[in-house]
Amino acid sequence: MEMRADLLIVGAGMVGSALALALRHSGLQILLLDGGPLTVKPFDAQAPFEPRVSALSAASQRILERLGAWEGIAQRRATPYSDMHVWDGSGTGQIHFSAASVHAQVLGHIVENRVVQDSLLERLHDSDVGLLANARLEQLRRSGDDWLLTLADGRRLRAPLVVAADGAHSAVRRLAGCDTREWDYLHHAIVTSVRCSAGHQATAWQRFTDEGPLAFLPLTRDGQQDWCSIVWSTTPEQAERLMALDDAAFVQALERAFEGRLGSVLQADPRVCVPLRQRHAKRYVEHGLALVGDAAHTIHPLAGQGVNLGFLDAAVLADVLGKACERGERLADVKVLSRYERRRMPHNLALMAAMEGFERLFQANPLPLRWLRNSGLKLVQQMPEAKAMFVRQALGLSGDLPELARA
Ligand SMILES: Cc1cc2nc3c(=O)[nH]c(=O)nc-3n(C[C@H](O)[C@H](O)[C@H](O)COP(=O)(O)OP(=O)(O)OC[C@H]3O[C@@H](n4cnc5c(N)ncnc54)[C@H](O)[C@@H]3O)c2cc1C
């Protein structure tokens with residue numbers, strides 16, 4: 001037997017779930033499917049932090065508030081941060097950004113991905129969106145005006161419009177034959193949570209080492225400010241060495257690499273190592289198909305922007321589809337879907353290019369480039385207007401904002 005829907009969203013990660021919620025009142029029959037179980041875990045405030053976290057921008061917070069998911073996030077665990085401190089480990093350049101410089105309260109929140117996911121799922125379980133758990137997509141082909149999807153357990157689904165929200169290794173993107181431009185950053189990221197002897201001061205810290213950026217992102221438990229989530233991007237060889245260390249040797253290496261800025265590193269949770277690759281789909285849309293979130297683009301975590309871009313994709317696509325519904329247009333029409341691509345692709349590409357330049361400049365070892373970046377950091381540090389512009393970009397509240405991200 002075949003199931004039919006107006007819109008099939010493949011992948012109920014943070015981005016696919018946000019898109020489904022954004023369209024819950026559109027009148028469309030929506031099916032959201034995922035290879036995972038889609039259950040909401042009871043939250044335990046005493047449990048260790050999940051290793052994967054995201055720095056959510058003010059724009060993402062607004063979107064999640066409008067979707068009714070922010071309350072669940074705030075009730076579980078979210079750490080606001082008001083300042084960001086970045087410095088060059090092989091020089092004297094440093095820069096400090098603060099929310100106060102643009103009269104904002106916070107720059108963003110550090111939230112465990114599981115917390116965002118569960119808060120979105122909670123809302124989805126209360127909605128009319130059809131949820132298909134343990135539904136792994138295996139085949140996809142066109143059938144007349146529709147797409148026909150076959151799941152690993154043999155179930156078949158049909159819809160005129162499919163959205164790929166199935167992450168960096170998107171099966172939809174591959175099966176539909178969408179081309180990507182991709183290259184290795186030659187970096188792996190080690191992520192874990194650590195406890196330090198000094199409090200994090202509601203600040204996101206980032207040191208650029210010769211091998212790559214090392215970030216300490218603030219986490220709070222029971223009002224204590226001594227935990228941080230770390231993202232240590234480094235060469236694959238060094239990552240392998242660091243992953244092989246026992247806990248005592250690892251915290252020592254980490255403390256050294258971070259110049260002991262937050263005192264001693266007292267304890268580390270189990271580590272996860274993620275290879276980093278930049279990917280960008282050459283097109284986000286074709287007839288009856290749209291790509292969102294990591295299925296469309298993956299970016300170096302040094303900017304902490306991946307899922308923020310994904311939430312904006314979801315909000316813009318919901319805008320475009322919602323308006324097309326009101327006008328009675330065919331949603332699968334590539335002319336309709338291209339409106340989404342035109343609004344999101346230039347923004348995503350600009351940010352990816354800026355991060356690429358940043359990453360290369362900080363990776364460069366020749367003396368003139370080291371001088372340039374240290375002088376650049378010092379120069380910008382003395383330019384309050386330029387810093388305020390960076391802060392407004394990081395908040396994500398400038399430019400062409402979708403309805404869900406507007407004040
Ligand atoms: C080390 C690291 C640190 C990061 N830090 C930040 C940060 O601070 N801020 C930030 O904004 N971003 C950050 N990111 C990026 C962020 O994690 C991603 O952009 C985000 O998780 C992408 O969400 P998504 O919903 O698009 O994809 P995913 O989270 O990958 O979700 C995809 C979903 O699709 C499902 N799926 C996959 N294949 C199939 C299939 N065949 N059939 C059915 N379902 C399928 C999966 O089960 C999953 O639920 C970081 C990334 C890394 C690697």
Side-chain angles (χ1 to χ4, degrees), residues 8-20 31-38 50-57 59-61 63 79 81 84 107-114 116-117 120-121 131-140 149-153 155 157 162-175 185 187-192 204 206 212-215 217-218 229-234 239 271-279 291-314 348 351-352 355 394 396:
L8 275 171
I9 303 174
V10 183
M14 294 187 277
V15 176
S17 297
L19 175 65
L31 268 181
L32 173 64
L33 56 120
D34 198 282
L38 299 185
E50 292 283 336
R52 294 289 303 267
V53 308
S54 296
L56 298 182
S57 67
S60 293
Q61 181 180 347
I63 292 170
T79 303
Y81 64 101
M84 188 186 292
L107 289 177
H109 288 79
I110 308 297
V111 189
E112 292 146 88
N113 289 3
R114 188 70 245 169
V116 181
Q117 183 70 68
L120 286 163
L121 277 178
L131 297 179
L132 278 185
N134 305 312
R136 174 150 294 275
L137 173 73
E138 266 200 1
Q139 288 172 40
L140 169 108
L149 284 71
T150 309
L151 306 181
D153 59 10
R155 279 180 289 176
L157 315 168
V162 170
V163 173
D166 50 348
H169 305 285
S170 171
V172 176
R173 191 183 63 214
R174 175 174 46 83
L175 294 167
Y185 282 120
H187 266 170
H188 286 192
I190 297 178
V191 287
T192 184
Q206 185 141 243
L214 167 61
L217 307 173
S229 165
I230 66 137
V231 183
W232 192 347
S233 307
T234 185
R271 289 152 250 165
V272 178
C273 185
V274 192
L276 300 178
R277 198 169 166 78
Q278 158 123 246
R279 261 185 218 93
L291 272 51
V292 292
D294 274 21
H297 44 74
T298 54
I299 179 173
H300 198 291
L302 83 91
Q305 284 299 330
V307 80
N308 292 308
L309 298 183
F311 283 138
L312 285 169
D313 291 350
N348 291 338
L351 195 96
M352 289 171 89
M355 283 312 116

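Numbering of ligands and ligand atoms starts at 1, following listing order. Worth knowing before you read on, the calculation uses all heavy atoms, side chains too, and leaves out hydrogens, waters and symmetry mates. If you read the sequence from its start, that first residue is 1, and numbering goes on from there.
- Close approach of ligand 1 to Gly304 (heavy-atom distance below 4.0 Å) involves ligand atoms 7 (C), 8 (O), 9 (N), 10 (C), 11 (O).
- Regarding atom 26 (O) of ligand 1, its nearest protein heavy-atom neighbour is Asp294 N, 3.0 Å.
- Without hydrogens or angle criteria, Gln278 side chain to Ile299 main chain gives no donor-acceptor distance under 3.5 Å.
- Interatomic distance, OG of Ser229 versus CD1 of Ile110, reported as 7.5 Å (0.5 Å rounding).
- Looking only at distances, a side-chain donor or acceptor of Gln206 sits under 3.5 Å from a matching main-chain atom of Leu302.
- In terms of protein heavy-atom proximity, atom 36 (N) of ligand 1 is closest to Asp166 CB, 3.8 Å.
- Atom OG of Ser17 sits about 8.0 Å away from atom CG of Leu131, to the nearest 0.5 Å.
- Residues Leu56 and Asn308 come closest through the heavy atom pair CA-OD1, 3.6 Å.
- Looking only at distances, a side-chain donor or acceptor of Thr298 sits under 3.5 Å from a matching main-chain atom of Arg279.
- Heavy atoms from both the backbone and the side chain of Ala55 come within less than 4.0 Å of ligand 1.
- Checked by atom type and distance alone, the side chain of Asp34 pairs as donor or acceptor with a backbone atom of Ala12 at under 3.5 Å.
- For atom 28 (P) of ligand 1, the closest non-hydrogen atom on the protein side is Gly167 CA, 4.1 Å.
- The atoms of ligand 1 that sit less than 4.0 Å from any heavy atom of Gly293 are 26 (O).
- Of the options Ser57, Gly13, Ala296, the smallest heavy-atom separation from atom 31 (O) of ligand 1 is shown by Gly13.
- For the pair Val10 and ligand 1, the shortest N or O to N or O distance does not fall below 3.5 Å.
- Considering backbone and side-chain atoms alike, Val15 places an N or O below 3.5 Å from some N or O of ligand 1.
- For atom 48 (C) of ligand 1, the nearest protein heavy atom (residue, atom name, distance) is Asp34 OD2, 3.5 Å.
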Stepwise side-chain contact (heavy atoms from CB on, under 4.5 Å) test for Ser233 and His300: CA-CA 9 Å; Ser233 307; His300 198 291; 3.5 Å; yes

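- Under a 3.5 Å cut-off, the side chain of Arg173 and the backbone N or O of Ala295 do form a donor-acceptor pair.
- Taking 4.0 Å as the cut-off, Ala135 counts as a neighbour of ligand 1 on heavy-atom distance.
- Taking each heavy atom of Gly310 and His297 in turn, the nearest pair found is N-CE1, 4.2 Å.
- Near Asn308, meaning under 4.0 Å from one of its heavy atoms, ligand 1 places the atoms 11 (O).
- Checking side-chain atoms of Glu112 against main-chain N and O of Glu50 turns up a donor-acceptor pair under 3.5 Å.
- Across the listed options Val191, Leu33, Ile299, Val191 owns the non-hydrogen atom lying nearest to atom 1 (C) of ligand 1.
- Ligand 1 has no nitrogen or oxygen under 3.5 angstrom from a nitrogen or oxygen of Ala295.
- Side-chain contact annotation: Asn134 with Asp153, donor-acceptor N/O pair under 3.5 Å absent.
- If you look at Arg52 next to ligand 1, the close heavy atoms, those under 4.0 Å, all belong to the side chain.
- Judged purely by distance below 3.5 Å, without hydrogens or angles, the side chains of Asp294 and His169 never pair a donor atom with an acceptor atom.
- Of the heavy atoms in Ala165, only backbone atoms (N, CA, C, O) come closer than 4.0 Å to ligand 1.
- Residue-ligand proximity, Gly11 to ligand 1, at heavy-atom distances under 4.0 Å covers atoms 33 (C), 34 (O), 35 (C).
- Residue contact check for ligand 1: Gly310 places no non-hydrogen atom closer than 4.0 Å to it.
- Which parts of ligand 1 touch Ala171 is read off a 4.0 Å heavy-atom cut-off, strictly below it: atoms 41 (N).
- Here atom 6 (C) of ligand 1 lies nearest to Val53 when heavy atoms of Asn113, Val53, Val307 are compared.
- The closest protein non-hydrogen atom to atom 44 (N) of ligand 1 is Gly35 N, 3.1 Å.
- Note: Arg136 CZ to Leu33 CG = 10.0 Å, rounded to the nearest 0.5 Å.
- Here the shortest heavy-atom distance to atom 40 (C) of ligand 1, taken over Arg174, His300, Arg136, belongs to Arg136.
- The proximity of Pro301 to ligand 1, defined as any non-hydrogen pair under 4.0 Å, is limited to the side chain.
- For the residue pair Leu120 and Phe311, the shortest heavy atom distance occurs at CD1-CE2, 4.5 Å.
- Set against the non-hydrogen atoms of Gly306, the atoms of ligand 1 under 4.0 Å away are 10 (C), 11 (O), 12 (N), 15 (C), 19 (O).
- Remark: ligand 1 and Leu137 share an N or O pair separated by less than 3.5 Å (distance only, no angle test).
- Taking a cut-off of under 4.0 Å to the non-hydrogen atoms of Gln305, the atoms of ligand 1 that pass are 9 (N), 10 (C), 11 (O).
- The heavy-atom pair separating Ala314 from Val15 by the smallest distance is CB-O, 4.0 Å.
- Counting protein heavy atoms under 4.0 angstrom from atom 19 (O) of ligand 1 gives one or more.
- Closest to atom 21 (O) of ligand 1, if we only count protein heavy atoms, is Met14 CE, 3.5 Å.
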